[in-house]
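All ligand and atom numbering here is 1-based and tracks the order in the structure. Here the structure is a predicted model, which means the values were calculated and not measured. As a basis for the values below, the full set of heavy atoms in this structure was taken, side chains included, without hydrogen atoms, waters or symmetry mates.
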Amino acid sequence: MSDILDIGDFIANHVQNQAVQVALTKRSQAMRGSPCIQCGFACLVQWGRANSGTQRFKCRNCKATFGATTGTPLYRLRNRHLWSKYLDLMNRHIPLRELQHHHGIDLSLPTLHRWRHRFLTVLVSNPAQKLAGMIEADEKFFRTSFKGTRGWKRGARPQDRRARRSGGASQRGLGSEQVPVLTALDRSGGICQTQLPDTKWSSISTEMEPWVEADSLICSDGNGAYARVAKATGCEHMVAKKGGQNAGGLSIGRIDAYHRDVENLINRRCMGVGTRYLMNYFGWARRITQHKPFGGNLLAEILAV
Ligand SMILES: [Zn+2]
C-alpha cells in the first residue's frame with residue numbers, strides 16, 4: 001500500500017516539477033525581447049544555458065548576465081525539485097522541523113527559514129484594488145522582537161536586556177516596546193495592511209488614504225485618525241464599539257477576528273517572530289484568510305514578478 005502511495009507522490013511531484021520547468025522556460029523566453037534589468041539597454045544576447053536547461057542572456061551594454069530566476073525571490077535558490085512541494089505546504093503553518101521530518105523536505109533549518117521568507121516577500125505588498133463599501137480599520141500591536149538576531153549569542157545584544165524565551169504580548173501603548181500595524185478590510189475580501197512608524201494621526205492617514213475608495217463607510221473604534229481619513233477620501237466614518245454592534249449591523253468584528261488569527265499565527269504558532277519579518281507573516285495570514293491558492297499558483301505569481 002505504501003509503495004502505491006509513494007508512487008502517487010512521485011508522480012504528483014514529477015507533474016509539479018514539469019510545471020516549474022514550463023514556468024521558468026516561459027519566463028526566459030519573455031526575457032528575450034525585454035530590456036536589460038540593470039541598465040535598460042534593449043539588446044540582450046543569448047549567453048549559454050543554466051543547469052535547468054533554460055536560456056541565459058547577457059547585456060551587450062553593461063555585460064550583466066541573466067537567467068530565468070533573476071529578479072525573482074527564487075534567485076539562486078537550489079533544490080528546485082522541492083519548490084512546488086514546499087509551496088503546497090505553505091497553505092498553513094507547519095513548524096520547520098516538521099517539514100524536515102514528516103513532509104520530506106530534507107533541507108537544513110536555516111535553508112527552510114530562508115525559503116519561507118523568500119516566498120513570503122511576494123505576499124507583503126497590498127492589492128492594487130482599493131477597499132470599498134463597508135471598511136473596517138484598526139491598529140494591532142506586537143512586541144518589538146529581535147528573535148533570531150545573532151548578537152544575543154555573540155555578545156552584541158540588540159537591546160540592553162536578556163534574551164526572552166518566546167512569545168509576545170500585544171496590549172496597546174507600551175511605547176518603543178510595541179510595533180503598531182495598521183489593517184483595513186472590506187466585505188468583498190480585500191485586506192490592506194502596513195507597519196506604522198508610530199500611532200500619530202498623520203501616520204495612520206498617510207498610509208490609509210490611498211487604500212480607500214471614495215463614498216465608502218469606514219468603521220473604527222473611534223480613533224480620530226479614521227475620521228480624518230474618511231474626510232480626506234470623501235467617505236463616512238462610524239464608530240463601532242469593540243465586541244458590540246451598532247444599529248444597522250455596524251461592527252468591527254471582522255477586523256477583530258482577522259487580528260486574532262494573525263496573533264494566533266505569530267504569537268502562538270510561531271511563538272513570536274522577529275520584527276523584521278512581521279509583515280511577511282501578515283502577508284501569509286492574509287493569503288490564508290483569503291483562501292487563495294499556494295503551490296503551483298503561488299509559484300506562477302512569484303515568477304511573474
Ligand atoms: Zn545592461
Under the ring-ring contact (aromatic ring centres under 6.0 Å, His included) rule, collect the residues that match up with Tyr86, sequence neighbours excluded.
Trp115, Phe119

With rounding to the nearest 0.5 Å, note down the distance linking OG1 in Thr111 to CD in Gln100.
9.5 Å

Show the numbers, then the answer: is there a ring pair (Phe, Tyr, Trp, His ring centres under 6.0 Å) between Tyr277 and His113?
CA-CA 11 Å; Tyr277 296 121; His113 185 261; 5.2 Å; yes

Rounded at 0.5 Å granularity, tell me how far NZ in Lys130 sits from OG1 in Thr233.
8.5 Å

Phe142 and Tyr281: CA distance, side-chain angles, deciding distance, ring pair (Phe, Tyr, Trp, His ring centres under 6.0 Å) verdict:
CA-CA 12 Å; Phe142 287 86; Tyr281 286 95; over 10 Å; no

Leaving waters out, which protein N, O or S atoms fall under 2.8 Å from the Zn ion (ligand 1)?
Cys36 SG, Cys39 SG, Cys59 SG, Cys62 SG

Salt-bridged, Glu301 to Arg287, with N to O below 4.0 Å?
yes

